[in-house]
Trainee: 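Just dropping this structure here.
Each residue takes its place number in the sequence, starting with 1.
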Amino acid sequence: MGSIVEIVFLPQIIAVLAFCITLLTFIHYRVTCSGHRLPLPVLPPGPSGRFVFGNFIPTSSAHLYFESLTQQYGPIFTLRQGFNTVIVIGRLRAAADIMEKEGLATVDRPRSIAVGDTLSGGMRLVMTPVGEQFRKFRRAIHSHLRPQILPDYAVIIARNAKQHIIDIINDPSNHQGHAKRYAASVVMEIAYGKQPKLYTDPEILAINQCSRTFGLNLRPGLWMVDAYPILRYIPGYLKELQDAHVSELALFKRLLYEVQTKMKSKADLPASFSRYLLERQSELGLSDSEIAYLAGSMFGAGSDTTASAISISIIAAACYPEAQRRVQDELDAVIGRKKAPASKDQDMLPQTMAFVLETFRWRPVVPGGIAHRTTRDIIWENYLIPKGATIIGNTWSIGRDPNFFEDPESFNPQRWLAEDGRIKQDLKSYSFGFGRRVCPGQYMATSSVFVNTALLQWAFKISPDPAAPIDKMAFTDGVTTHPLPFNVNFKPRITSSMDAIKELLGTYEI
């Protein structure tokens, strides 16, 4: 039998003592710091997980699964992925308190080895952690997408929205393709100064494929390397994402090079985001690859989300004729039938704007949100959200908070209007994200969806196809979702024929 000194200094004993001291220090800190009193803040409740792997998160429609857990466990709940703590927020007040009021503590992103590091090469703004690179990216993109610059884009939006209506008149069965063409053309012109005529333009197809690859691979729980980083050392495990990164970086650089070549040749080159970045590259402190990714990912995100939102507005108009009628009554009273509505009319058309806001809430384009990371402990309702936790604002659930959105599954634009008929300023559904991570293109996207919603309902009476009922829950998978193909009927409303609508649009101005 060893001496007492030998026993005390056994490695196992030292480890146990160190653990106990650490635990006691942690408890003392929790009791004494920041004025907290017993009982100690605890993690929000949640389902029990497997010992090593944690909780199961479905890779398909995770936002619906999270809503079921919100109904079971309350406004915030805890999951575990490997050694990562995941806090999911599913109700509006909790989202406002934690994601907005505590915005400085929740602005970071969790490290994503799969999508952030490997697929995006650490250069996709939406995945960039807090730091100098993030600040440079945000400074660059906000300077080109701030609300004050929207009037500069009004001509681009109007020209393409007019063509959108003409496309539907010519081929109504392909209305979803026309919405994609509209969105792609607007963002391609803003990003690169190019005006593609068709959604099937090879460059548009290639960039949208990059967006689909990004969205599909960002689904929670799909890549376990983010929970178990050691997996990145398995040969071939990340090859699919590595190959995709090489392809998209080459595409983004090629598009940027075209702009750069025209600038050097002194060719007539319209203003664009790429041109702005290249002209100020030294001032912004960005590499060629970073500029290429900023422009390319801006196009991908803006085109993908706007096209989906326009198609959702068509579903809503077809399925909720009373809501459509209210918009059309307002358009007739304020704009009339001889003149088409434009972006400058937004403040005069609150009913139309309420319709748009309700589409954002009812079927959010990014229903599960994108994960944040806490940079310090946050206490909410005596629950602890620990430093370093992954935190997800589940947009689908937040927009279905029954305390703020009565009968949340119903499509009811009136919920966005105050008694004086104006848009409420104290109600949000957070469809564009939270705090300093809010989508920088939100103003341009909202303007685009507003103009197209107004023009569609000004020109047509939209109704379901009796032979093909619309499934209002049928959407693609991925972080950004699109309605699956659906049929509607477009009947001329302001004139007796489709050709007469074209004639009215002949003089359409912003």
Trainee: Residues two or more places apart in sequence or in another chain: which of them pass salt bridge (charged side-chain N to carboxylate O under 4.0 Å, His left out) with Glu358?
Mentor: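 Glu358: salt bridge (charged side-chain N to carboxylate O under 4.0 Å, His left out) contacts with Arg361, Arg415.
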Trainee: Please test Thr106 against Ile378 for side-chain contact (heavy atoms from CB on, under 4.5 Å), starting from the C-alpha separation and ending with a verdict.
Mentor: CA-CA 9 Å; Thr106 59; Ile378 297 173; 3.7 Å; yes
Trainee: Under the rule for side chain to side chain contact (heavy atoms under 4.5 Å, CB included), what residues qualify as partners of Pro58, not counting sequence neighbours?
Mentor: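 If we apply the side chain to side chain contact (heavy atoms under 4.5 Å, CB included) test to Pro58, skipping adjacent residues, the hits are Phe56, Tyr65.
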Trainee: Looking at every non-hydrogen atom in both residues, tell me the closest pair between Pro75 and Trp380 and how far apart they are.
Mentor: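 Answer, listing the atom of Pro75 first, then Trp380: CG-CH2, 3.9 Å.
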Trainee: Suppose we screen for side-chain hydrogen bond (donor to acceptor under 3.5 Å, both in side chains). Which residues come up paired with His164, at least two apart in sequence or across chains?
Mentor: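 For His164, the residues satisfying side-chain hydrogen bond (donor to acceptor under 3.5 Å, both in side chains) (neighbours in sequence not counted) are Asn452.
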Trainee: Kindly write out the residues that satisfy ring-ring contact (aromatic ring centres under 6.0 Å, His included) with Phe486, not counting sequence neighbours, or none if the list is empty.
Mentor: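 If we apply the ring-ring contact (aromatic ring centres under 6.0 Å, His included) test to Phe486, skipping adjacent residues, the hits are His175.
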Trainee: Going by salt bridge (charged side-chain N to carboxylate O under 4.0 Å, His left out), name the pairs with one or both residues in residues 81-94, residues two or more places apart or in two chains.
Mentor: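 Listed by first then second residue: Glu67-Arg91, Arg93-Asp97, Arg93-Glu381.
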Trainee: Compare every heavy atom of Tyr192 with every heavy atom of Ala292, then report the nearest pair and how far apart it is.
Mentor: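 The pair with the smallest heavy-atom distance is O-OH, 4.5 Å.
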Trainee: Does any pair with a residue in residues 212-236 pass ring-ring contact (aromatic ring centres under 6.0 Å, His included), and if so which ones, sequence neighbours excluded?
Mentor: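 Found Trp223-Tyr237.
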Trainee: Grab the two heavy atoms, one from Ala307 and one from Ala179, that are nearest each other, plus how far apart they are.
Mentor: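 Heavy atoms of Ala307 and Ala179 come nearest at CB-O, 3.8 Å.
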Trainee: Any non-hydrogen side-chain atom of Arg376 less than 4.5 Å from a side-chain atom of Leu104?
Mentor: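 Arg376 vs Leu104: side chains apart.
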Trainee: Tell me the closest heavy-atom pair linking Arg212 and Leu205, and the distance in Å.
Mentor: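 Of all heavy-atom pairs spanning Arg212 and Leu205, the closest is NH2-O, 4.2 Å.
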Trainee: Testing the 3.5 Å rule here: is there a donor-acceptor pair between the side chains of Asn160 and Gln195?
Mentor: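 No, no side-chain donor-acceptor contact under 3.5 Å.
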Trainee: Between Phe77 and Gln72, does the side-chain contact (heavy atoms from CB on, under 4.5 Å) criterion hold? Intermediate values first, please.
Mentor: CA-CA 9 Å; Phe77 60 87; Gln72 182 177 355; over 6 Å; no
Trainee: Taking all heavy atoms of Thr359 and all of Ser313, pick out the closest pair and write down the distance.
Mentor: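 For Thr359 versus Ser313, the nearest heavy atoms are CG2-CA, 3.9 Å.
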Trainee: Flag yes if more than 12 heavy atoms outside Lys472 fall under 6.0 Å of its NZ atom; otherwise flag no.
Mentor: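 At most 12 heavy atoms, drawn from other residues, nucleotides or ligands, come within 6.0 Å of this atom.
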Trainee: Under 4.0 Å between a Lys/Arg side-chain N and an Asp/Glu carboxylate O for Lys262 and Glu258?
Mentor: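 A salt bridge is absent here (no side-chain N lies under 4.0 Å from a carboxylate O).
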Trainee: Name all residues meeting the side-chain hydrogen bond (donor to acceptor under 3.5 Å, both in side chains) criterion together with Glu240; count only those two or more places apart in sequence or in a different chain, and write none if there are none.
Mentor: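 Expected list: none.
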Trainee: Begin from the C-alpha positions of Leu218 and Met127 and carry the test side-chain contact (heavy atoms from CB on, under 4.5 Å) through to its verdict.
Mentor: CA-CA 10 Å; Leu218 194 57; Met127 302 300 296; 3.7 Å; yes
Trainee: With side chains defined as the heavy atoms from C-beta onward, is the minimum distance between Thr480 and Ser211 less than 4.5 Å?
Mentor: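 No, their side chains stay 4.5 Å or more apart.
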Trainee: For Glu409, is there an ion pair with Arg363 - N to carboxylate O distance below 4.0 angstrom?
Mentor: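 Yes, Arg363 and Glu409 are salt-bridged.
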Trainee: If you look only at pairs with a residue in residues 246-285, which of them pass as a ring-ring contact (aromatic ring centres under 6.0 Å, His included), with sequence neighbours excluded?
Mentor: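 Counting only pairs at least two positions apart or across chains, the ring-ring contact (aromatic ring centres under 6.0 Å, His included) contacts touching residues 246-285 are His144-Phe273, His144-Tyr276, Phe252-Tyr293.
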Trainee: I'd like to check the side-chain hydrogen bond (donor to acceptor under 3.5 Å, both in side chains) partners of Ser297; sequence neighbours left out, ordered by chain and number.
Mentor: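 Expected list: none.
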Trainee: So do the side chains of Leu484 and Thr476 get within less than 4.5 Å of each other, counting heavy atoms only?
Mentor: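 Of all side-chain heavy-atom pairs linking Thr476 with Leu484, at least one is under 4.5 Å.
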Trainee: Sequence neighbours left out, what passes side-chain hydrogen bond (donor to acceptor under 3.5 Å, both in side chains) with Thr213? Give chain and number order.
Mentor: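 Thr213 satisfies side-chain hydrogen bond (donor to acceptor under 3.5 Å, both in side chains) with Gln209 once adjacent residues are dropped.
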Trainee: Which residues satisfy the ring-ring contact (aromatic ring centres under 6.0 Å, His included) test with Tyr383, sequence neighbours excluded?
Mentor: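 Listed in chain order: nothing, the list is empty.
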Trainee: State, to 0.1 Å, how close Ala183 and Ser303 come at their nearest heavy-atom pair, and which atoms those are.
Mentor: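 Ala183 and Ser303 have their closest heavy atoms at CB-O, 3.4 Å.
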Trainee: Are the side chains of Pro485 and Gln176 in touch, meaning some heavy atoms are under 4.5 Å apart?
Mentor: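 They are in contact (side-chain heavy atoms under 4.5 Å apart), so the answer is yes.
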Trainee: So do Pro47 and Leu79 actually touch side chain to side chain, heavy atoms under 4.5 Å?
Mentor: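 Side chain of Leu79 against side chain of Pro47, heavy atoms only: contact under 4.5 Å found.
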Trainee: List, one per line, each side-chain donor-acceptor pair under 3.5 Å for residues 113-122, sequence neighbours excluded.
Mentor:
| unit_1 | atom_1 | unit_2 | atom_2 | d |
| --- | --- | --- | --- | --- |
| Asp117 | OD2 | Arg111 | NE | 2.8 |
| Asp117 | OD2 | Arg111 | NH2 | 2.9 |
| Thr118 | OG1 | Ile113 | O | 2.6 |
| Ser120 | OG | Val115 | O | 2.8 |
| Ser120 | OG | Arg124 | NH1 | 2.7 |

Trainee: Do the side chains of Ile370 and Arg109 get nearer than 4.5 Å, heavy atoms only?
Mentor: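 SC-SC contact between Arg109 and Ile370 confirmed.
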Trainee: Among side-chain atoms of Lys253 and Ser289, is any donor-acceptor pair under 3.5 angstrom?
Mentor: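 Side-chain D/A pair, Lys253 to Ser289: present.
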Trainee: Tell me whether the count of non-hydrogen atoms from other residues, nucleotides or ligands lying under 6.0 Å of CD1 in Ile234 goes above 12.
Mentor: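 Yes, the 6.0 Å shell around CD1 holds more than 12 heavy atoms from other groups.
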Trainee: Counting only heavy atoms from other residues, nucleotides and ligands, does the tally under 6.0 Å from CZ of Arg232 exceed 12?
Mentor: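 Yes, CZ of Arg232 has more than 12 neighbouring heavy atoms, counting only those of other groups under 6.0 Å.
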Trainee: Determine, step by step, whether Lys194 and Glu189 satisfy the side-chain contact (heavy atoms from CB on, under 4.5 Å) criterion, reporting the C-alpha distance in whole Å, the side-chain angles of both residues, the deciding distance to 0.1 Å, and the verdict.
Mentor: CA-CA 5 Å; Lys194 304 178 76 169; Glu189 188 167 351; over 6 Å; no
Trainee: Do Ile391 and Ile98 come within less than 4.5 Å of each other through their side chains, counting heavy atoms only?
Mentor: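 In short, these two side chains touch, coming nearer than 4.5 Å.
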